[in-house]
Amino acid sequence: MKFTLSSMITSDAENDLLAFGLFKSKAEKKKSNAKEKATCQFESSDSVNELDKQLNNHLIKSATDEGFCAEENQTFVTSSLGISKPKIIALMGLGDHHLQSVDLFRRFGGETFKIAQKKRAKKISLCIPPKTTIPLFDVVQAITEGFILASYSFDRYHTKSVKENHVKEVVIHLLEKPTPDQKLALKRAENIASSVCYARDLINEGPMELNPQAFAKHAIEVAQSCDLDVSVLDEKKLKKEKMHLMLAVGSAAEPASPPRLIRLHYKPKKNSKRVIVLVGKGVTFDSGGLDIKPADGMLDMKTDMSGAAAVFGTMRAIAKLQPDVEVVGYMGCVENGVGPHAYHPGDIIKSRNGITIEIGNTDAEGRLVLADCLDYAQERDKPDTIIDVATLTGACMIALGPYTAGLFSNNDALGDALRQSGKTVGESFWRLPLLPELKDMLKSPLADMKNVGERWGGSITAALFLEEFIKPGTDWAHLDIAGPASTKKAQSYIPVGGAGFAVRTLVDYIMGQN
Ligand code: BES
Ligand code: ZN
Ligand code: ZN
């Protein structure tokens, strides 16, 4: 798909699909409430009016007759029956222009792709509405991202009915002459969206294919093509590093799928004042271990490496965007299997930093992997800020539902910045408290700590467990993405399956630290 920018659309431009983003009209809404027949219930534009004229005033009339009033997500699609140059015309509702947001334009891009795909359109034009007040750089980036993200499909295992993407050319029409800067927004969107799609590929891949070793191969490949430093700690090095918690989780899956700690390092050309470290939970399959999960709880557990996939996607995007801040991404990859070498409930294991842990439940494995990885990362890279990303607890999904991630932080400014980035990119985070009074739940009679608390506040006790491994003075945030990491119901630009959640938030946050 090739993306370009242009100024105002002319109705004689050849297009398979011409999509207009439109705001609803407040004044006309009043009229219709008063039961007067409204002629046009949305804020039309010169281009729409011009096309309407060519179509003998049928475009606006039939849209209005069908009740189209540019409500958010409302669409009106019609064929021009060969009367005008564009073959299919789509009017896309963007709601009230006072409430416009960047994500609205991302959804505009996503919905336009879906119509294009249905109509087998090759050449598509999208036009933004006259009352657009969001900076055009952000609008261009969002539309392009939405379009690419919606076009994603994981089809490498389809041998019969392969879904073809017909789209070849996409032109975004602004209402003014595009600037070189806005053209950079296209490139930025392509870099980010392709990295999200790569993360989705990793999540959607089966656990036999994507074990920790295979994950490491992907990282090595990306490092070579994007100019990142890469290093991989195999099981021997992990032993040397005394990462006994991570090794315990992975012991049942050895020797078929031994654990790997992957490190990707982005060093900017200019000297960076800060180091940001990302750590992702990369449990390539979570059977629960000896505390085995029931079948329906285990079904989606190939997605338990979504945190590591998010770190992977973020590092790929950062390498392409080249900010002036140093970023290191760690992926703690391990399979939580069952077998004669499995770790047990009741085992007492010494973590890398010396804290002893009594295993209360082998299914609370993510925090064990992260604990050792967080400790290693802090010692090696001495970060100012460390952010971990993990499908850590079912409890977080119970609390916030399937579309929102839990956000914990020991620093309010960091928490606020991440939430704001999430808002900008259309990823939902909700701040949860690190309640000190719940720490007692992690007390063990036999060791320094247990790896599980009680039933209540499960996502909080998991976060409190991780906090024990954060060195004083380090700003830390923990993103529990158990809910939104993968989706069962397609959303505007998120197809069913791995979502690549948190890549866009982390990229936005890091780019803001320049
Ligand atoms: N990977 C799961 C968390 C999870 C559940 C992610 C559902 C996505 C969807 C994690 O390792 C786990 O099993 N956590 C347990 C913890 C419990 C044993 C304290 C949980 O949430 O039930
Ligand atoms: Zn688990
Ligand atoms: Zn897990």
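Atoms within a ligand are numbered from 1 in the order they appear, just like the ligands themselves. Just the heavy atoms: all of them, side chains too, but no hydrogens, waters or symmetry mates, feed the values below. The model shown is predicted, which means the values in this text are computed figures rather than measured ones.
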Any chance [atom1] of [X] has more than 12 other-residue heavy atoms, nucleotides or ligands included, within less than 6.0 Å?
X: K114; atom1: NZ; value: yes
X: D227; atom1: CG; value: no
X: K267; atom1: NZ; value: no
X: K119; atom1: NZ; value: no

Original post:
Of the options L202, L261, V279, L264, which is the one that meets M331 in a side-chain contact (heavy atoms from CB on, under 4.5 Å)?
Top reply: L264
**OP:** Kindly assign one of parallel, tilted or perpendicular to the pair F465 and F469, based on the angle between their ring planes and the thresholds 30° and 60°.
**Re:** tilted
Original post:
In terms of ring plane angle, is the pair H478 and F408 parallel, tilted or perpendicular, where the classes change at 30° and 60°?
Top reply: parallel
Original post:
So which protein heavy atom does atom 7 (C) of ligand 1 come closest to, and at what separation?
Top reply: M301 CE, 3.7 Å
[X], portion touching ligand 1 at heavy-atom distance under 4.0 Å:
X: D363; value: both
X: L392; value: backbone
X: M298; value: neither

So for ligand 1, is [X] a polar contact partner (N or O within less than 3.5 Å, distance only)?
X: R367; answer: no
X: T393; answer: no
X: G394; answer: yes

Subject >> Note, I292 side chain near D363 side chain (heavy atom, < 4.5 Å) >> reply: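 A side-chain contact under 4.5 Å is absent here.
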Original post:
Is any protein N, O or S atom closer than 2.8 Å to the Zn ion (ligand 3), and if so, which?
Top reply: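 Result, waters dropped: K281 NZ, D286 OD2, D304 OD2, E365 OE2.
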Original post:
If you count the atoms of ligand 1 from 1 in the order shown, which ones are under 4.0 Å from a heavy atom of N361?
Top reply: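 Here the atoms of ligand 1 in question are 18 (C).
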Original post:
Considering only heavy atoms of K281, which atoms of ligand 1 have at least one such atom less than 4.0 Å away?
Top reply: 1 (N), 10 (C), 11 (O)
Subject >> Charged tip of R419 within 45° of F429 ring normal and under 6.0 Å >> reply: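 Because its charged atom misses either the 6.0 Å distance or the 45° angle limit, R419 does not stack over F429.
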**OP:** Output the distance between atom CD (E235) and atom CE (M246), rounded to the nearest 0.5 Å.
**Re:** 10.5 Å
**OP:** Could you tell me whether atom 1 (N) of ligand 1 has a protein heavy atom closer than 4.0 Å?
**Re:** yes
**OP:** I would like to know whether R107 and D103 meet salt bridge (Lys or Arg N to Asp or Glu O under 4.0 Å); could you show each step before the answer?
**Re:** CA-CA 6 Å; R107 279 178 268 144; D103 198 50; 3.2 Å; yes
